[in-house]
Structures are given as structure tokens and as C-alpha cells.
Number of protein chains: 2
Amino acid sequence: MGGLILSLVEENYIKAIYHLENEVKGDVSTNAISDEVKTKPSSVTDMVQVLAEKDLLIYKKYKGVHLTKKGKSAAMKVIRKHRLWETFLVEKLNFQWDEVHDIAEQLEHIHSDALVDRLDDFLGNPEYDPHGDPIPDAEGNLKSRNKKVLSHIPENEVVICVGVKESGSDFLRYLDKRNINIGTEIKVLGKEFDGSMDLLVNSKPFSVSEQVAGNLYVQPI
Amino acid sequence: MGGLILSLVEENYIKAIYHLENEVKGDVSTNAISDEVKTKPSSVTDMVQVLAEKDLLIYKKYKGVHLTKKGKSAAMKVIRKHRLWETFLVEKLNFQWDEVHDIAEQLEHIHSDALVDRLDDFLGNPEYDPHGDPIPDAEGNLKSRNKKVLSHIPENEVVICVGVKESGSDFLRYLDKRNINIGTEIKVLGKEFDGSMDLLVNSKPFSVSEQVAGNLYVQPI
DNA sequence: AATATTTTTTAGGACTACCTAAATTATATG
DNA sequence: CATATAATTTAGGTAGTCCTAAAAAATATT
């Protein structure tokens, strides 16, 4: 049941692979993983063999990797913890949403089912973390909402911001400075040749670059 | 200032040595440390050399070890975190005081000064943890209170329970079952030949063994 | 004080997770 | 489709932390 204990490093690999599986079709490559966990590809080759041995993923030489059921479940547990802790840091300790990632990266590796369950209750069983990402329940189920990337929204549509794709500090602080938060209403006025978009945010006209528009998750009203 | 980062293992050694220094006069022996951190003495010899190299302690071959100022300050930081997290677990997540030690042992190694400071504020800057142990402030200062061990209290004196010496689960559950908590008033009625004590607890007569009496910290009213 | 016992250290490995450099396989290009 | 390039793996090594067994030092006993 809850008896599988992975090392901190193993958990980071599993989490990285989980995230990569949602970005690419097919198996996840050695190089992609090495980018994500910031080690050399040769270290990844070592590690995926260890993880394959533990039935957390399927590894085929030169072909890449994908998580097994067991691996996905392990990933969900780490992600659940990460997102609950981020919520705690923002909701209870008043951190800004751009300050919590590194701390949550540490907290996500604390092993205690009781702790996670109680934390979840303490926070009021939140469905989404401060970046708008859904928090898996204790069984690892993820409610997916039909969010879209802002850059895919056609002209004249009105949407609300529900999350961010990459939650790097720079990007989050950029949004803060412009008063764009989760829940902010955005109307798409038009798109420019360079992919930038003209918007109406908080009733004021505002333009964002392609990069920003591609990093914002929104939902039709 | 806060730039010193120790590994989890190093922090555990420093913490263990700190605790042992408060129990024995003079330098702390290799064997005592190996008992405390649950490794073999030869591993301790390895590790104290590493810690001496980092100026956290003074090591003299065959003579034992004592913390430097730097080492004590590192120990206080870990202890501060441990006790704040224990307080969090009991006060906010409603854990029992006998359930929190192992989780706090993990949480105490999270590195973030901002987190500790905010947690401290969130908890209302508590002075004592759920076991009655004082929580060092951000500068590592420890307010010591003149607590005594129950077994040293003479007949007819009335005291209140302020803490426990060893906070093992068995002992804490024993106290819970008898409704002895921090704040409980205890009157010493008499002592027996075997070191056991006759008490008045919650207005009811109650006897404790020498072992229990030696593990309870009390303070004159 | 000599010897027995206990404590501590040394020597030599083991294991995890990393690295570099070289070899191999897969993919892309002409 | 042959070759150049890129991706991946293998081989061999390092650092941190642990271990066992043997040697050395300290302490206790007679």
C-alpha cells in the first residue's frame, strides 16, 4: 500500500519523467530527462536502469522510457505533496507564488502519509495549487479541467486565467506586476503578426508577447 | 550569514553531539555518538574528521569531541526547526505529541531561513514545543527555565509538569493514558524505598515508578 | 606495574549517484 | 543509401557515508 519508499533522487527522476510524458508523445528520451533533472545523460542511463529494476518504468535501450502504473502512482504522490505544500506556503505562510517552488521541492520528499492527509484537510482539501495546477487526491486521481493556452484563444473571446505553464519566478513576477492572477478576466482583442496578443485585462488594454501568451492557461467563461 | 549548508547526515551528527554535550561533562565520546546516530564507531571517526575540517567541532584522537561556536549555532538551527515543526504538527495538524518526532526529524532538514521565520510567526512565536522543550529564537538563543526532574522534588511540594526528558512514544502514551500533560499539577505525597513516588495528580492519588519520575520535568508553582 | 578489557582508530571495501571520455546506435543529410 | 551528426550507452572513476575486521591506544583489574 503505502510501503514503497524511494530515495529523493529516485523521486525526482520519476517526477521529471511524469512531467515529460505529458509534453511529448511516445517515450521520454534520455536527453530530455537529463535536461529536466540536471544531470548528464550517462547518469540518466544509470538511473533509469535502477528504476526499471524497481518496476517504476519500462526502459528499452536507445528507445527511451515510460512510467508503469506503479511509476505513475509514485509520481502522483510526489506531485500531490508538492502542490499541497505550495498551497500551504502561499495560503498559510503568506509567501508569494513565485517564492514557493524551491521550498516545495524539498518538502515534497517528506515521507508520511498521515502528514499529507492532515495537511490536505488543514488546507480545506484544495483542488488547485497557487499556480492553478490541480492537486491529485489521496488515490492519485487528477481532475483535469479543459484549460487552454491563451495563444490559442480566438479574437473577441473572454476567458479567465486559471494557471501558468512554466512557473518560473521571472514570469510569475512579470504577471504580478501587471496584476494578472488566477481568476483574472482577459478579453482577446486581436493577434499580431509576431504572435503577440492585444488584450483587455482589468478593463485596460494590454499587450503580451507570444512567449507570455504561450505560458498562460485560460478557460472560457 | 545563513550561508552554511550541511548535509542531512552532518546535521544529524551535529545535533546528536549537541544533545550529548548537555548530558555529559567533558568531551563527547565516539561510542556515545555512534549510539545516538545509530552508526558504527568507525563511521563516527570518519565523520567527526569531516566536521572538524569544517570547524564545526574540535576533535582530538581518542579524546572525543566538542562543538565550536559555529557547530553550536548549526545545532541550534536544526533544533529550532525540529521544535517549530513539532509545534506545527501538534497545534495545526492535530497530531498527538507522541506521533510527531519522526516527521519532525525529516522536516528539520529543510533549508530555508524564510520558511522557518514565517513558520515561527504563523505559530505565534511559541516559546516551548509540545514536549515542553524551549524553542531557540532566530539567533539561536535558548531561554532556559529552572525545571527539575520530578524525582528530585521533596515531599509535600506542589509542582506543575513542564516537559519530558525522553520523548519516546511509549512514555508519552503512558502519560496520555493517565491524563498527565504539560501544565498538569502534581503534588508529591511521598517516596518509596524503590524510588517510586506517591503523587496527587488531578486530585487523585497516583504512583509512578522511579523511571517515570526521572523522565518528567516539573517546576515549583 | 603487568595484563585484560574496552574504546577508538585504521585499512580496505560497498553502495549510491554522480562525472568524463570513448564507443555504439540512431537519425538526418547529401 | 552512405556518411555525417546527434543521441545514447559503456567503461572507468570520484565523493559521501556506511560497513567489517584488525590494529592501536586508553582504561580497568589484579
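Residue numbering restarts at 1 for every chain, and letters A, B, ... go by the order of the sequence lines.
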Checklist entry - Is the charged tip of Arg145(B) near the ring of Tyr128(B): under 6.0 Å from the six-membered ring centre and within 45° of its axis? => result yes

Checklist entry - Rounded to the nearest Å, what distance is computed from the NZ atom of residue Lys60(B) to the C1' atom of nucleotide dT9(C)? => result 17 Å

Checklist entry - Rounding to a whole Å, what distance do you find between Gln49(B):CD and dC18(D):C1'? => result 15 Å

Checklist entry - Is any side-chain N of the basic residue among Asp117(A) and Arg80(A) closer than 4.0 Å to the acidic one's carboxylate O? => result yes

Item to check | Pair Arg173(A) + Asp170(A), salt bridge at N-O below 4.0 Å | outcome: yes

Next on the checklist: Heavy atoms from C-beta onward define the side chain here; which of dT9(C), dT10(D), dC18(D) lies closest to that of Pro41(B)?
Outcome noted: dT9(C)

Checklist entry - Rounded to the nearest Å, what distance is computed from the NZ atom of residue Lys40(B) to the C1' atom of nucleotide dA14(C)? => result 15 Å

Checklist outcome for this item: To the nearest angstrom, the CE-C1' distance between Met47(A) and dT8(D) comes to 18 Å

Next on the checklist: Expressed as a whole number of angstroms, how long is the span from Leu51(A):CG to dC18(C):P?
Outcome noted: 10 Å

Next on the checklist: Whole angstroms only, please: what is the CG-C1' distance between Asp27(A) and dA7(D)?
Outcome noted: 15 Å

Item to check | Pairwise 5' ranking along DNA chain C for Leu8(A) and Tyr62(B), keeping only the more 5' one | outcome: Tyr62(B)

Next on the checklist: Between the side chains of Glu105(A) and Lys15(A), is the shortest nitrogen-to-carboxylate-oxygen separation below 4.0 Å, so that they form an ion pair?
Outcome noted: yes

Item to check | Under-4.0 Å side-chain N/O to phosphate OP1/OP2 contact, Ser43(B) with dC18(D) | outcome: no

Next on the checklist: Taking any heavy-atom pair under 4.0 Å as a contact, classify Thr39(A): base, sugar-phosphate, or nothing.
Outcome noted: sugar-phosphate

Next on the checklist: Please pick, from dT9(C), dT9(D), dC19(D), the nucleotide with the shortest atom-to-atom distance to any side-chain atom of Asp46(B).
Outcome noted: dC19(D)

Next on the checklist: The side chain of Val9(B) is closest to which nucleotide in this list: dT17(D), dC18(C), dA26(C)?
Outcome noted: dT17(D)

Item to check | Residue-phosphate contact under 4.0 Å: Asn31(A) side-chain N/O, dT8(D) OP1/OP2 | outcome: yes

Checklist entry - Quick one: Asp35(B) CG to dT7(C) C1', roughly how many Å, whole number? => result 12 Å

Next on the checklist: I want to check one thing: is the phosphate of dT10(D), taken as OP1 and OP2, less than 4.0 Å away from some side-chain N or O of Thr45(A)?
Outcome noted: no

Checklist entry - For dT8(D), does OP1 or OP2 lie under 4.0 Å from any side-chain N or O of Tyr59(A)? => result no

Checklist entry - Quick one: the side chain of Ser42(B) and the base of dT20(D), do they pair up donor-acceptor inside 3.5 Å? => result yes

Next on the checklist: Tell me the interatomic distance from Leu6(A), atom CG, to dA17(C), atom C1', rounded to whole angstroms.
Outcome noted: 15 Å

Next on the checklist: My understanding is that only one of Asp27(B), Leu51(B), Thr45(B) makes a side-chain contact (heavy atoms from CB on, under 4.5 Å) with Tyr59(B); could you say which?
Outcome noted: Thr45(B)

